[in-house]
Amino acid sequence: MEHTPFRAMPGASLPAAYMTAETSSFVDFLRVQAPHLLPGGGGLGAVEPVRARQLADLTPQPPHGTTIVAMTFDGGVLIAGDRRATSGNLIAQRDMDKVFVADTYSAVGIAGTAGLAVEMVRIYQVELSHYEKLEGVSLSLDAKTNKLAAMVRGNLDAALQGLAAIPLFVGYDVDASDPARAGRIVSFDVVGGRYEERAGFHGVGSGSLFARSALKKLWDPGCDEDAAISMAIEALYDAADDDSATGGPDLARRIYPQIVTITAAEGAVHLSEDRVAEVTESVVTARTSQPRG
């Protein structure tokens with residue numbers, strides 16, 4: 001019987017570039033070895049612009065995710081998101097995940113074209129892990145946000161065709177001189193612009209206008225974690241009240257917002273569904289018990 005050469009076995013032979021560490025950036029590695037795997041790398045942005053618009057008109061609208069809010073509190077920072085994804089005037093998904101832990105001290109929420117945004121975050125998670133494994137240390141918080149800004153910029157062609165993916169970044173700066181004020185929020189625009197939000201809170205997505213308006217009244221610079229969690233849910237409730245693309249708490253289906261908190265002691269942690277449910281139900285009860293004019 002003829003034996004199959006070892007090099008022909010699946011996975012037995014890899015290009016030399018896969019076995020060397022020429023760069024500590026996983027995104028740079030993909031850009032050279034497999035650019036089609038980057039967000040937007042093989043999408044409409046690679047097509048001639050007029051033809052791309054024609055294809056977009058013929059294709060059902062991809063799901064979009066909204067709304068994301070973030071705020072600092074005494075000793076940390078949190079990020080929260082509703083669960084609804086829409087496709088035009090339809091609800092595409094009621095329980096979409098929009099908030100992700102990026103590494104030990106950072107997290108990202110997504111708005112915009114859901115598929116591209118989720119893919120961007122997954123590659124970003126690998127990028128941070130890849131760097132830490134090769135270099136033995138984590139990126140600084142500023143370097144993390146610069147990396148994410150470059151990935152958003154790389155999706156510009158797709159964004160110009162209406163497939164924008166916008167993240168919101170939160171992190172705890174372990175090198176900060178004041179641990180109580182070490183939580184940071186960074187936003188981005190479609191061309192990769194990076195902006196640190198120093199007001200103490202921010203939001204992105206179609207319902208962010210209403211969420212930020214609520215936080216202007218609710219946010220307290222000295223609030224603790226429990227108060228911040230309640231404020232985030234209040235803000236998302238207000239966003240859902242005025243924005244049809246934002247999903248409010250669904251008590252019947254037990255669908256509640258997602259929340260990640262980041263502190264020096266615990267790092268980035270997804271809050272349990274039971275804890276979020278408890279706070280959400282208290283917010284809804286308080287709202288429904290208010291007298292009506």
Side-chain angles (χ1 to χ4, degrees), residues 65-84 94-101 106-109 111 168-172 179-185 187 197-243 246-292:
T66 55
T67 296
I68 305 296
V69 297
M71 74 186 73
T72 59
F73 57 86
D74 186 10
V77 63
L78 70 74
I79 187 166
D82 80 305
R83 308 294 297 278
R84 176 176 293 176
R94 299 180 188 275
D95 59 351
M96 177 183 169
D97 293 336
K98 304 180 190 177
V99 177
F100 304 87
V101 171
S106 65
V108 180
L168 182 62
F169 174 95
V170 296
Y172 185 90
R181 299 289 179 265
R184 292 170 61 183
I185 303 170
S187 64
E197 303 297 339
R198 302 184 186 278
F201 60 88
H202 194 64
V204 296
S206 65
S208 61
L209 172 64
F210 310 108
R212 291 202 303 268
S213 296
L215 289 176
K216 283 182 180 180
K217 303 290 187 181
L218 296 171
W219 183 74
D220 175 7
C223 66
D224 61 14
E225 181 179 310
D226 290 338
I229 292 169
S230 180
M231 292 174 198
I233 294 174
E234 291 263 13
L236 291 173
Y237 189 103
D238 284 343
D241 199 35
D242 287 296
D243 175 47
T246 303
D250 192 333
L251 304 185
R253 296 185 176 91
R254 293 190 60 80
I255 298 174
Y256 306 103
Q258 283 184 304
I259 302 177
V260 170
T261 61
I262 311 177
T263 61
E266 298 186 3
V269 177
H270 266 288
L271 291 190
S272 68
E273 182 176 294
D274 289 341
R275 185 177 180 189
V276 177
E278 180 182 359
V279 180
T280 301
E281 289 171 4
S282 67
V283 168
V284 172
T285 299
R287 292 294 186 96
T288 55
S289 62
Q290 291 176 353
R292 301 293 175 182

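Keep in mind that what you see is a predicted model, and the values were worked out from it rather than measured.
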Can you give me the closest heavy-atom contact between [X] and [Y], atom names plus distance?
| X | Y | answer |
| --- | --- | --- |
| G203 | L168 | CA-CD2, 4.4 Å |
| V260 | V99 | CG2-CG1, 3.5 Å |
| T67 | S208 | CG2-N, 3.6 Å |
| I68 | G81 | CD1-CA, 3.7 Å |
| I262 | G171 | CD1-CA, 4.1 Å |
| P257 | T280 | CD-OG1, 3.8 Å |

(request) Could you tell me which residues satisfy side chain to side chain contact (heavy atoms under 4.5 Å, CB included) with A277, sequence neighbours excluded, listed by chain and number? (result) R254, Y256, E281
(request) Return the set of residues passing side chain to side chain contact (heavy atoms under 4.5 Å, CB included) with D95 (not counting sequence neighbours), or none when no residue passes. (result) R83, Q93, I255
(request) Could I get the full list of ring pair (Phe, Tyr, Trp, His ring centres under 6.0 Å) partners for F201, not counting sequence neighbours? (result) W219
Who pairs with [X] by side chain to side chain donor-acceptor pair (under 3.5 Å), at least two apart in sequence or on another chain?
| X | answer |
| --- | --- |
| D74 | none |
| R198 | none |
| R84 | none |
| D241 | none |

(request) Please identify each residue that fulfils salt bridge (Lys or Arg N to Asp or Glu O under 4.0 Å) with D250, with sequence neighbours left out. (result) R253
(message) Nearest 0.5 Å, please: how far is CG in L215 from CG in D238?
(response) 9.0 Å
(message) Nearest 0.5 angstrom please: I79 CD1 to F100 CZ, how far?
(response) 10.5 Å
(request) Sorted by first residue and then second, give each side chain to side chain donor-acceptor pair (under 3.5 Å) pair with at least one member in residues 259-277; sequence neighbours left out. (result) E225-R275, D226-R275
Enumerate, atom names and distances included, each donor-acceptor pair closer than 3.5 Å involving a side-chain atom of residues 227-234, sequence neighbours excluded.
{"from": "E234", "atom 1": "OE1", "to": "R287", "atom 2": "NE", "distance (Å)": "3.1"}
{"from": "E234", "atom 1": "OE1", "to": "R287", "atom 2": "NH2", "distance (Å)": "2.6"}

(message) By the salt bridge (Lys or Arg N to Asp or Glu O under 4.0 Å) test, which pairs, at least two apart or in different chains, include something from residues 200-213?
(response) none
